[in-house]
Peer 1: 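This is the structure, below, for whatever I ask next.
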Amino acid sequence: MALDSKVPQGPLKDKWTDYKNHINLVNPANKRHIDVIVVGTGLAGGSASATLAELGYNVKSFAYQDSPRRAHSIAAQGGINAAKNYQGDGDSTYRLFYDTVKGGDYRSREANVYRLAEVSANIIDQCVAQGVPFARDYGGLLDNRSFGGVLVSRTFYAKGQTGQQLLLGAYSAMNRQIARGKIEMFNRHEMLDVVLVDGKARGIIARNLVTGEIERHAAHAVVIASGGYGNVYFLSTNAMGSNVTAGWKVHKKGAYFANPCYTQIHPTCIPRSGDYQSKLTLMSESLRNDGRIWVPKNLEDVKAIREGKLKPTQLTEDQRDYYLERRYPAFGNLVPRDVASRAAKERCDAGFGVNATGEAVYLDFAASFERYGSEQAKIQGITNPSAAKIKELGQEIVRAKYGNLFQMYEKIVDENPYETPMMIYPAVHYTMGGVWVDYNLMTTIPGCYAIGEANFSDHGANRLGASALMQGLADGYFVLPYTIGDYLSNDIRTGKISTDTPEFDAAEKEVSERIAFFVNNKGTHSVDYYHKKLGKIMWDKCGMSRNKEGLEEAIEEISALRKDFWENVIVPGTATEYNEQLAKAGRVADFLELGELFAKDAVVREESAGGHFREEHQTEDGEAKRMKEFQFVSAWEYKGEPKEAVLHKEALVYENIEVKERSYK
Ligand SMILES: Cc1cc2nc3c(=O)[nH]c(=O)nc-3n(C[C@H](O)[C@H](O)[C@H](O)COP(=O)(O)OP(=O)(O)OC[C@H]3O[C@@H](n4cnc5c(N)ncnc54)[C@H](O)[C@@H]3O)c2cc1C
C-alpha cells in the first residue's frame, strides 16, 4: 500500500481553513444514527468524546481506570503551549510552527504542525470557558512561562498541575454528555482487539476488568486515544498502567506503526535510586525557567560530594560548571529536552555525576531565590535586607510557582530542595512514535483513527515541552471532529453495525484463547520478571546511545525473551475476577513485540536524532548531527511478526521553512 498523507494543496497557512470549507459534513439528524467508539479518556480521548457527543454522534468511551479522570494526562505538570502572544514577545502561529518543526529535528509533517499551531489559541479559550484555573498575573490576566527550545513565553499553566486541571475540564464536558446519554462510559474496560468488517474498523473486543467478561462493541468508526508506550522501557515517568496494547492491536490488523524508535528522554527526572524501583518521577521542565543546571568542575570535588565529605552548597561559583549556559549561551538552561538530556549524559559519562550511581546533575535554585528575593525586598520597601531575608522572600516566590514539585521531590528523595540543589537525570518520558495517521488522523485502516500520544504525532524526533497537551486537545476538540465527519458522511445509510458476525466471532475467540493461555500456563516467572528484563535491554541497547551492533543484539535478545515469556510466564488468579497480573500479562506480551520493532526501526535509522544518538553518527562534541537523508517517517507494516515487518517511507518535504543545521548556540 502506498502511503498517502492526504495533505491538502495550497499555501500552508490556508490549508486547514480551505480543507474544512470543502470536506463533507454529516447533518445533525444523521449524526444521531452514527456510533463512534473512543478508546481512551485522557486529554485526547476525553476531548474527542465530549466534542463528538456534543455534535450529536453516539459515543462509547473506554478506559481501563475506574474513572476517565484518572487517565495518565492527569500527571502532566508544566503547561500547555499556545501562540497567543499575550506577552508581546514576538510570538505568532508561524513561530510556534517553526519551533515545533525545528525542535523535532525537521522530522514532522509540516501541514499537521501548522494546523496545530493555528488551533492552539482556540484551546486556551475553550479551556478558560470550561473554568480551567490557569495561572494569572497580578492584574488578573493569563500568565505564561517559557519552556525549552524557544525564545518566547507561550506556556499556559496551572501551578504544577496543568494536566489535572485540563483533564477536569474535559471530564466535565464528558460528564455533561454522559448525563445526556450521548456518551456511554465503560470504565475498567480494556480494548483487546479491533474488529474489521469489509476492511473497515467496525468495532472492538473489550474485557471488563472487574468481572473478566469479554464484550463486543460495534460502531461506524473507532478512535484510538490510548496514550504512549514509554513503559516498554519498564522504568519511565509514565503512569504504571500506560501501555501499547490498543495501538499494537490495530497495527497487527493492518494499521502502520510509525517512527517506533523515537522516544523523548526528559532531562529533569529524579535519578534512579537502585535496582528495585518500578517507576521514575518527573520534575517538570518548567523548573528550568528558574533552576540552573551544573556539575562540579573538578573530579576531586565530585568524589568528595559522593563520599559525603563536601556539600554542593560549599562550592563557589568558579568551582561549578554550568555546562548548558557554557555550551548554549542563547538558550542556556532552556535548550530543548534532547539537547539537555544528551549534555547531562555526556557529563555523567565523563565522571561528573554527583550521586552514588554517578547518574545525576544538579538543578539549583539559589540564584533565583536571590533574584526574586531582592526584587521582593524592593517592592516591599525593605532597606538593606539581610541575605537570609532575601532568600526567604525569594523562596516564597519559588514556592508559589512550583511548591507542589518541591514537595514531591522532598517526599521522594528525603532532601529539602530549598536548602540543597535538586538532583536530576534524564529518563524516558514520551513516545514520539505511534500509529501512523494521515492529515485526517486516520490510520491505514479505513475508519480507524489515532489521536494524542498514541499516534506518531506532530513532533518528529523530539517533542518540545508543553506540546503534548496542546496536540491531544487540538486533535480531540478541533481536528478529529471535522475530519471524522468527512469519512462518516458515507455511513449515513449504513444503519446499526451488528456484533453478530463471523468477524466479531473470530476476534473474540482469539482474545479468549489468549486469556485462557495466561491463566492456564503454569510457568515459573512472573510478568514483571519479563518486563524488567525487556526494559534493561531497551535502555542499554535502544536508549540514548545506540550502535548497530547493540541494536542487532537487542533484536535477537528480545525475540528470545519473547519466546521464553510464552513458555514460562506464570499468571496467578483466574480470568473471572479483577486480576491486575492478567491484564499486565497481555500488555507485556505486546511490549515484547513492540520492543523488537523498536530496535529494528532504530537499526534502519542510521542517524542521530532527538534524544537518540547513533554512536556512528554524532559530531565530535557529542551533538546530534542532522542528516537530511533521514527526513522521512518510517511506517512499518505488520507481516506476521516484528522481524518480518516491512518498512514504508513517507518523505517529508520542507517547503515553508528553511531547514538549517539545528543549532541552539
Ligand atoms: C509526568 C509527566 C508530565 C507531563 N507533563 C506534561 C506537560 O506539562 N505538558 C505537556 O504538554 N505534556 C506533558 N506530558 C505528556 C502528556 O501528559 C501526555 O503526552 C498526554 O497527557 C497524553 O494524553 P493522551 O490523551 O494521548 O493519553 P493518556 O492521558 O495516557 O490517556 C490514555 C487513555 O487511554 C486509555 N487506554 C489505554 N489503553 C487502553 C485500552 N487497551 N483499552 C481501554 N482504554 C485504554 C486509558 O485508560 C486512558 O484513559 C507529561 C507526561 C508525563 C509522564
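Counting starts at 1 for both ligands and their atoms, following the listed order. As the structure is a computational prediction, the values presented were derived from the model and not from experiment. Numbers here are sequence positions counted from 1.
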Peer 1: Considering distance alone, does some N or O of Q65 sit under 3.5 Å from an N or O of ligand 1?
Peer 2: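 Looking only at distances, the answer is yes, because the N/O contact criterion of under 3.5 Å is met.
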Peer 1: In plain terms, say whether E118 and R115 are close enough for a salt bridge, that is, a side-chain N and a carboxylate O under 4.0 Å apart.
Peer 2: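 Salt bridge absent between E118 and R115.
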Peer 1: Looking only at atom types and distance, does a side-chain atom of S341 sit under 3.5 Å from a main-chain N or O of G611, one as donor and one as acceptor?
Peer 2: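 Such a contact is absent between S341 side chain and G611 backbone.
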Peer 1: Do Y98 and Y114 make the cut of ring centroids closer than 6.0 angstrom?
Peer 2: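 So the answer is no for these two rings.
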Peer 1: Pick whichever of G227, A246, G228 has a heavy atom sitting closest to atom 27 (O) of ligand 1.
Peer 2: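 Heavy atom nearest to atom 27 (O) of ligand 1 belongs to G227.
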Peer 1: Does a donor on one side chain sit under 3.5 Å from an acceptor on the other, for N144 and Q87?
Peer 2: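 There is such a pair between these side chains.
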Peer 1: Can the positive tip of R587 be found less than 6.0 Å from the middle of the six-membered ring of Y64, inside 45° of the ring normal?
Peer 2: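 Yes, a cation-pi geometry.
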Peer 1: Ignoring hydrogens and geometry beyond distance, is a side-chain donor-acceptor pair present between N85 and D91 at under 3.5 Å?
Peer 2: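 Side-chain D/A pair, N85 to D91: absent.
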Peer 1: Provide the closest heavy-atom pair for E190 versus A583 in the form atom of the first, atom of the second, distance.
Peer 2: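 Where E190 meets A583 most closely, the heavy atoms are OE1-CB, 3.9 Å.
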Peer 1: So is A466 in contact with ligand 1, going by heavy-atom distances below 4.0 Å?
Peer 2: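 Under 4.0 Å: yes for A466.
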Peer 1: Determine, using heavy atoms of I80 and all atoms of ligand 1, whether some pair is separated by less than 4.0 Å.
Peer 2: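 I80 does not count as a contact of ligand 1 under the 4.0 Å cut-off.
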Peer 1: Report yes if the side chains of Q264 and M432 come closer than 4.5 Å at any heavy-atom pair, otherwise no.
Peer 2: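 In contact.
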Peer 1: Any donor-acceptor pair under 3.5 Å linking the side-chain atoms of E453 with those of Y229?
Peer 2: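 Absent: no donor and acceptor within the cut-off.
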Peer 1: Can you tell me the protein heavy atom closest to atom 39 (C) of ligand 1 and the distance?
Peer 2: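 Among all protein heavy atoms, the one nearest atom 39 (C) of ligand 1 is Y64 CD2, 3.8 Å.
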Peer 1: Number the atoms of ligand 1 from 1 as they appear, then name those within less than 4.0 Å of a heavy atom of A225, with their elements.
Peer 2: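 Reading through ligand 1 atom by atom, the close ones are 32 (C), 33 (C), 34 (O).
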Peer 1: Tell me, please: is R463 in heavy-atom contact with ligand 1, that is, under 4.0 Å?
Peer 2: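 It does, in that a heavy atom of R463 comes within the 4.0 Å cut-off of ligand 1.
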Peer 1: Evaluate I451 for polar contact with ligand 1, using N/O atom pairs at a separation under 3.5 Å.
Peer 2: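 No; the residue has no nitrogen or oxygen that sits under 3.5 Å from a nitrogen or oxygen of the ligand.
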Peer 1: Is the distance between the ring centroids of Y262 and H459 under 6.0 Å?
Peer 2: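 Centroid separation for H459 and Y262: 6.0 Å or greater.
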Peer 1: Enumerate the atoms of ligand 1 whose separation from the nearest heavy atom of S467 is less than 4.0 angstrom.
Peer 2: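 Reading through ligand 1 atom by atom, the close ones are 11 (O).
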Peer 1: Please list the nearest protein heavy atom to atom 11 (O) of ligand 1 with its residue and the distance rounded to 0.1 Å.
Peer 2: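 Here the closest protein heavy atom is L469 N, 2.8 Å.
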Peer 1: Relative to atom 9 (N) of ligand 1, which among G78, A450, G79, A468 owns the nearest non-hydrogen atom?
Peer 2: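 The residue whose heavy atom sits nearest atom 9 (N) of ligand 1 is G79.
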Peer 1: Which residue owns the protein heavy atom closest to atom 41 (N) of ligand 1, what's the atom, and how far is it?
Peer 2: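 Closest protein heavy atom to atom 41 (N) of ligand 1: M191 O, 3.2 Å.
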Peer 1: Side chain or backbone of A206 under 4.0 Å from ligand 1, or both, or neither, by non-hydrogen atoms?
Peer 2: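 Within the 4.0 Å criterion, A206 makes no contact with ligand 1.
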Peer 1: With a cut-off of under 6.0 Å to the ring centre and 45° to the axis, is R463 in cation-pi contact with Y430?
Peer 2: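 Because its charged atom sits under 6.0 Å from the ring centre and within 45° of the axis, R463 does stack over Y430.
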Peer 1: Near Y430, which atoms of ligand 1 are under 4.0 Å from a heavy atom of that residue?
Peer 2: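 Listed by number with element, the hits are 19 (O).
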Peer 1: Return the closest protein heavy atom for atom 53 (C) of ligand 1 as residue, atom name and distance.
Peer 2: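 Answer for atom 53 (C) of ligand 1: H72 CE1, 3.1 Å.
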Peer 1: Taking only heavy atoms of G40 into account, list the atoms of ligand 1 that are under 4.0 Å away from them.
Peer 2: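 Near G40, meaning under 4.0 Å from one of its heavy atoms, ligand 1 has 33 (C), 34 (O), 35 (C), 49 (O).
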Peer 1: Run down the list G476, S73, G163 and name the one with the heavy atom closest to atom 29 (O) of ligand 1.
Peer 2: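 Checking each option, the heavy atom nearest atom 29 (O) of ligand 1 is found in S73.
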Peer 1: Which protein non-hydrogen atom lies closest to atom 25 (O) of ligand 1, naming both residue and atom, and how far is it?
Peer 2: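 Here the nearest protein heavy atom works out to A44 N, 2.9 Å.
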Peer 1: Counting each atom of ligand 1 from 1 as listed, which ones have a heavy atom of G452 under 4.0 Å away?
Peer 2: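 What qualifies from ligand 1 is 26 (O).
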Peer 1: What do you reckon, does T41 have a nitrogen or oxygen under 3.5 Å from a nitrogen or oxygen of ligand 1?
Peer 2: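 The answer is yes, given that T41 and ligand 1 share an N or O pair closer than 3.5 Å.
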Peer 1: Apply the test side chain to side chain donor-acceptor pair (under 3.5 Å) to residues D458 and S108: give CA-CA distance (whole Å), side-chain angles for both, the deciding distance (0.1 Å), then the verdict.
Peer 2: CA-CA 5 Å; D458 302 346; S108 352; over 6 Å; no
Peer 1: Assess G472 for proximity to ligand 1: is some non-hydrogen atom of it under 4.0 Å away?
Peer 2: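 Flag not set, G472 not near ligand 1.
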Peer 1: Quick check for you: to the nearest 0.5 Å, what is the distance between Y449 atom OH and L441 atom CG?
Peer 2: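 Reported value, rounded in 0.5 Å steps: 8.5 Å.
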Peer 1: Does the pair F234 and W539 meet the rule for a ring pair (Phe, Tyr, Trp, His ring centres under 6.0 Å), with working shown?
Peer 2: CA-CA 9 Å; F234 186 69; W539 182 249; over 10 Å; no
Peer 1: Looking only at distances, please establish whether an N/O atom of ligand 1 is found under 3.5 Å from an N/O atom of T237.
Peer 2: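 No, T237 has no N/O under 3.5 Å of an N/O on ligand 1.
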Peer 1: Does any donor atom in the side chain of Q65 or R188 lie under 3.5 Å from an acceptor atom in the other side chain?
Peer 2: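 No donor-acceptor contact under 3.5 Å links the two side chains.
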Peer 1: We want to know whether S61 and T41 form a side-chain donor-acceptor pair, criterion being a heavy-atom distance below 3.5 angstrom.
Peer 2: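 There is no such pair between these side chains.
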Peer 1: With atom 6 (C) of ligand 1 as the reference point, say which of A583, P68, A76, G465 has the nearest heavy atom.
Peer 2: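 It is A76 that holds the nearest heavy atom.
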Peer 1: Could you identify the single nearest non-hydrogen protein atom to atom 3 (C) of ligand 1 and state the distance to 0.1 Å?
Peer 2: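 Protein heavy atom with the smallest distance to atom 3 (C) of ligand 1: L282 CD2, 3.3 Å.
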Peer 1: For atom 26 (O) of ligand 1, what is the closest protein heavy atom, and at what distance to 0.1 Å?
Peer 2: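 The answer is E453 N, 2.9 Å.
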Peer 1: May I ask whether T162 has any heavy atom positioned less than 4.0 angstrom from an atom of ligand 1?
Peer 2: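 In this structure, T162 fails to qualify as a contact of ligand 1 - no heavy atom is under 4.0 Å.
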Peer 1: Between F591 and W248, is the gap from one ring center to the other below 6.0 Å?
Peer 2: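 No, too far apart.
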Peer 1: Does the structure place the NZ or CZ of R272 under 6.0 Å from the centre of the six-membered ring of Y425, at an angle of no more than 45° from the ring's axis?
Peer 2: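 Judged by the rule (NZ or CZ under 6.0 Å from the ring centre, within 45° of its axis), R272 is not positioned above Y425.
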Peer 1: Is there any N or O on Q77 that sits under 3.5 Å from an N or O of ligand 1?
Peer 2: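 By distance alone, the answer is yes.
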Peer 1: Looking only at distance, does A75 have an N or O less than 3.5 Å from an N or O of ligand 1?
Peer 2: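 Checking ligand 1 against A75, no N or O pair falls under 3.5 Å apart.
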Peer 1: Give me the residue, atom name and distance of the protein heavy atom closest to atom 2 (C) of ligand 1.
Peer 2: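 Its nearest protein heavy-atom neighbour is H429 CE1, 3.4 Å.
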Peer 1: Should one rank S236, S226, C269, S284 by closest heavy-atom distance to atom 32 (C) of ligand 1, which comes out on top?
Peer 2: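 Closest candidate by heavy-atom distance is S226.
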Peer 1: Between ligand 1 and H189, can you find any atom pair, the residue atom being a heavy atom, that is separated by under 4.0 Å?
Peer 2: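 Flag set, H189 near ligand 1.
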